[in-house]
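See structure below.
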Amino acid sequence: IARVAAQTIVIAPYRVWREQVSDLHERFHELHWTIGKDVPHTEERTRVPLDEFVKRFNDPRFLPDGAFYAQDAATGEFVGMSLLWGSGANRDLHTGTTGVLRSYRGRGIATALKTHALTFAKAYGSDCVWTSNEVGNAAMLGINARFRFVKQPDELQYVKEVAQ
């Protein structure tokens, strides 16, 4: 965290940013889209319209104090995020996304974001934090291994294209 702070990167939860940044949802919409394009998927990504994107902040599972965003204070640009979501059934949490813009990777930001998220989970009283990882994402696999996430049985996803 100190290494990241020394780079003028500020990490705070959604609740703090909401009070400080007037065009927050537009900026987070762009951040999510840019980072999301780097996450491998079986289908081509389509951008969620802003009005639909904003609805996630009103979802009962959304945790305003458990959704962490990183900002480069020197430029004002938001550069990364690690989001925890509630399960609705118990105190378990799920990592929705942890990611950093390409130009900021390799600087410890994702690790600092994950540290903030897991510190929140402990204070929240969570017994378990779940995450998922694309098998080819060595950097995030390494981060999750350093935090001692325990690998679960593989999950396979299938897609069947049906001719129209």
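Just so it is clear, the values below take in all heavy atoms, side chains as well, and ignore hydrogens, waters and symmetry mates.
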Salt bridge (charged side-chain N to carboxylate O under 4.0 Å, His left out) with Glu77: which residues, sequence neighbours excluded? none

Donor-acceptor contact present, side-chain Thr8 to main-chain Asp72, <3.5 Å: no

Decide whether Val48 and Leu50 are clustered together by the hydrophobic rule: side chain heavy atoms of Ile, Leu, Val, Met, Phe, Trp, Tyr closer than 4.5 Å, transitively. yes

Taking all non-hydrogen atoms of both residues into account, name the closest pair between Ile35 and Val79 and its distance. CD1-O, 4.3 Å

Closest approach of Ser82 and Ala117, non-hydrogen atoms and distance? OG-CB, 3.9 Å

Please identify each residue that fulfils side-chain hydrogen bond (donor to acceptor under 3.5 Å, both in side chains) with Asp92, with sequence neighbours left out. none

Member of His32, His25, His29 meeting the ring pair (Phe, Tyr, Trp, His ring centres under 6.0 Å) criterion with Phe57: His25

How many angstroms lie between atom CD1 of Ile11 and atom OG1 of Thr115, to the nearest 0.5 angstrom? 8.0 Å

If we only count heavy atoms from C-beta on, is the Ile1 to His116 side-chain gap below 4.5 Å? yes

I'd like to check the side-chain contact (heavy atoms from CB on, under 4.5 Å) partners of Gln7; sequence neighbours left out, ordered by chain and number. Arg3, Val4, Ile9, Arg107

Is it true that Phe53 and Leu24 fall in one hydrophobic cluster, defined by side-chain heavy atoms closer than 4.5 Å? yes

With the side chain counted from C-beta on, respond yes when Lys114 and Phe68 share a heavy-atom pair under 4.5 Å apart, and no when they do not. no

Mind checking side-chain hydrogen bond (donor to acceptor under 3.5 Å, both in side chains) for Arg105 and listing every partner two or more places apart, or none if nothing turns up? Asp38

Rounded distance (nearest 0.5 Å) linking atom CD of Gln152 with atom OG of Ser132: 11.5 Å

Heavy-atom side-chain contact between Tyr69 and Leu83 under 4.5 Å: yes

Residue pairs fulfilling ring-ring contact (aromatic ring centres under 6.0 Å, His included) with at least one residue in residues 81-109, sequence neighbours excluded: Phe62-Trp85

Could I get the full list of side-chain contact (heavy atoms from CB on, under 4.5 Å) partners for Arg146, not counting sequence neighbours? Thr111, Ile143

State yes or no: do Trp33 and Val54 share one hydrophobic cluster built from I, L, V, M, F, W and Y residues joined by side-chain heavy-atom distances below 4.5 Å, directly or via other members? no

Salt bridge (charged side-chain N to carboxylate O under 4.0 Å, His left out) partners for Arg56, two or more places apart: none

The criterion is side-chain hydrogen bond (donor to acceptor under 3.5 Å, both in side chains); which residues satisfy it with Glu161, sequence neighbours excluded? none

Hey, does Tyr14 have a side-chain heavy atom less than 4.5 Å from the side chain of Phe28? yes

Quick check on the hydrophobic clustering: are Leu113 and Leu101 connected, directly or via other members, by side-chain heavy-atom contacts under 4.5 Å? yes

What residues form a salt bridge (charged side-chain N to carboxylate O under 4.0 Å, His left out) with Arg18, not counting sequence neighbours? none

Evaluate the side-chain proximity of Val10 to Phe78: yes if any heavy-atom separation is below 4.5 Å, no if none is. no

If the threshold is 4.0 Å, N to carboxylate O, is there a salt bridge linking Glu30 and Arg47? yes

side-chain hydrogen bond (donor to acceptor under 3.5 Å, both in side chains) against Thr97, all qualifying residues, sequence neighbours excluded: none

Expected list for residues 120-129: side-chain donor-acceptor pairs under 3.5 angstrom, two or more places apart:
unit_1	atom_1	unit_2	atom_2	d
Ser126	OG	Arg91	O	2.8
Ser126	OG	Cys128	N	3.3
Ser126	OG	Cys128	O	2.8

Check each of Thr98, Asn137, Asn133 against Asn144 using the side-chain hydrogen bond (donor to acceptor under 3.5 Å, both in side chains) test, and report the only one that passes. Asn133

Sequence neighbours excluded, the answer for side-chain contact (heavy atoms from CB on, under 4.5 Å) partners of Ala6 is none

